[in-house]
Amino acid sequence: PAPGLLTGKRVLVTSGPTHEPIDPVRVLANRSSGRQGHAIARAAAEAGAEVVLVSGPVSIPDPEGVRVVHVETAREMQAAVDAALPADIAVFAAAVADWRVEAESASKVKKGEGGPPQLRLVENPDILAGVARRVDGRPALVIGFAAETDDVLGNARAKLARKGCDLIIANDVSPASGVMGGDANTVHLVSGSGVETWDRMAKDEVARRLVARLGEMLR
Ligand code: C5P
């Protein structure tokens, strides 16, 4: 993107997985590396935006030029997102856990006579849908991701409508794609005006092109 494309604009990005505690030493997690979300935050900063990155637990470094808020759980991520608003653009690249354990055990769950523990799960808040459906203070552009293993485009179209966002970046994360944890991504941009499929490219390049596109859309 052009160096000053997002000067004066505020961009919020979520990235990485969330960890939902079972007990003090165990969590429910997923395989998101945070690479795509972090690359988007960095690209937005390079385009001149003031960027807040709300990141779940990842093993990659904080991007330069970005304010990073580190969180563990979906509920912490939601609170950090609320605190970071308002923004002109919000990109929800995090792989938020759909469920959390209803009652986290205060002490380590032990093996024993009762057999394996039965984990009761409850649904986490949908952070993206909450922001996209805001009446006051909705960012001008709200972007979601759809990481799917089947019917990528069908699921993405349904998600666009269900969540109320402006654009869904859909990608195939089936194991054969190598996307989860890898450096490259093949994405489809799904919006009200149709689907645009980009060639497979490095996640950094996806990020730069996406930021350039968001800058155009904001005009
Ligand atoms: O429904 P699904 O999890 O597939 O939706 C993916 C999109 O919604 C991503 O943009 C993700 O960051 C966002 N999301 C969220 N909060 C959730 C679940 C998903 O912000 N609890």
Side-chain angles (χ1 to χ4, degrees), residues 11-21 27-41 44 51-58 68-85 87 89-102 121-134 137-139 141-174 177 179-181 185-192 195 203 206-207 210-211 213-214 217:
V11 176
L12 167 66
V13 182
T14 71
S15 184
T18 64
H19 282 184
E20 309 296 331
V27 296
L28 294 179
N30 65 66
R31 296 186 189 280
S32 169
S33 67
R35 285 202 167 91
Q36 187 63 79
H38 279 52
I40 292 166
V51 182
V52 178
L53 172 64
V54 179
S55 175
V58 295
V68 185
V69 182
H70 293 276
V71 299
E72 297 275 331
T73 68
R75 288 192 291 179
E76 288 166 10
M77 185 170 278
Q78 182 181 45
V81 163
D82 282 344
L85 290 173
I89 301 174
V91 180
F92 293 85
V96 181
D98 290 313
W99 308 285
R100 67 175 181 275
V101 177
E102 184 174 43
L121 303 182
V122 293
E123 228 169 88
N124 269 327
D126 192 317
I127 305 168
L128 162 61
V131 171
R133 302 241 178 252
R134 270 178 180 235
R138 183 193 191 275
L141 291 176
V142 179
I143 317 302
F145 271 72
E148 304 289 346
T149 56
D150 309 277
D151 189 14
V152 176
L153 293 183
N155 279 308
R157 282 193 202 94
K159 207 157 286 185
L160 182 74
R162 191 170 69 239
K163 308 238 183 194
C165 53
D166 303 297
L167 180 68
I168 288 275
I169 313 298
N171 55 4
D172 184 346
V173 293
S174 53
S177 74
V179 166
M180 218 71 179
N185 204 352
T186 307
V187 300
H188 313 270
L189 277 62
V190 181
S191 70
V195 179
K203 289 180 178 177
V206 170
L210 179 63
V211 165
R213 175 62 62 89
L214 296 178
M217 288 171 71

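We count ligands from 1, going down the list as the structure has it; atoms in each ligand are counted the same way.
- Close approach of ligand 1 to F92 is summarised as follows: ligand atoms under 4.0 Å from at least one heavy atom of the residue are 9 (C), 10 (O), 11 (C), 12 (O).
- At the top of the distance list for atom 8 (O) of ligand 1, counting protein heavy atoms only, stands K163 NZ, 3.1 Å.
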Could you go through the side chain to side chain donor-acceptor pair (under 3.5 Å) check for N30 and S32 one step at a time?
CA-CA 6 Å; N30 65 66; S32 169; 4.5 Å; no
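- M77 and S15 get closest at one heavy-atom pair: CE-O, 3.9 Å.
- Note: no N/O pair closer than 3.5 Å links A95 and ligand 1 by distance alone.
- Counting heavy atoms closer than 4.0 Å to ligand 1, residue A147 contributes nothing at all.
- For atom 16 (N) of ligand 1, the closest non-hydrogen atom of the protein is I127 N, 3.0 Å.
- For atom 6 (C) of ligand 1, the closest heavy atom belonging to the protein is F145 O, 3.0 Å.
- Checked by distance only, ligand 1 and E148 stay at 3.5 Å or farther apart across all their nitrogen or oxygen atoms.
- The atoms of ligand 1 that sit less than 4.0 Å from any heavy atom of G144 are 10 (O).
- The shortest N or O to N or O distance between A146 and ligand 1 is not under 3.5 Å.
- Below 3.5 Å of separation, one finds no N or O of I143 facing any N or O of ligand 1.
- The environment of CZ in R138 is crowded: more than 12 heavy-atom neighbours from other residues, nucleotides or ligands sit within 6.0 Å.
- Atom 18 (C) of ligand 1 has its closest protein heavy atom at V96 CB, 3.8 Å.
- Atom NE2 of H19 and atom CD of E76 lie 11.5 Å apart (nearest 0.5 Å).
- Against a heavy-atom cut-off of under 4.0 Å, D98 is close to the following atoms of ligand 1: 3 (O).
- For ligand 1 and A94, the ligand atoms under 4.0 Å from any heavy atom of the residue are 11 (C), 12 (O).
- Crowding of R162 atom CZ: a count of heavy atoms from other residues, nucleotides or ligands under 6.0 Å exceeding 12.
- Close N/O approach between T14 and ligand 1 is not found [any backbone or side-chain N/O within under 3.5 Å].
- Of all protein heavy atoms, the one closest to atom 21 (N) of ligand 1 is P125 O, 2.7 Å.
- Other residues, nucleotides and ligands contribute more than 12 heavy atoms inside 6.0 Å of the CD atom of E102.
- In this structure the side chain of V69 reaches within 4.5 angstrom of the side chain of V52, judged on heavy atoms.
- At least one N or O atom of L128, backbone or side chain, sits closer than 3.5 Å to an N or O atom of ligand 1.
- Looking at ligand 1, you won't find any N or O of A97 less than 3.5 Å from one of its N or O atoms.
- A salt bridge is defined here as a Lys NZ or Arg NE, NH1 or NH2 lying under 4.0 Å from an Asp or Glu carboxylate O, and D82 with R134 meets this definition.
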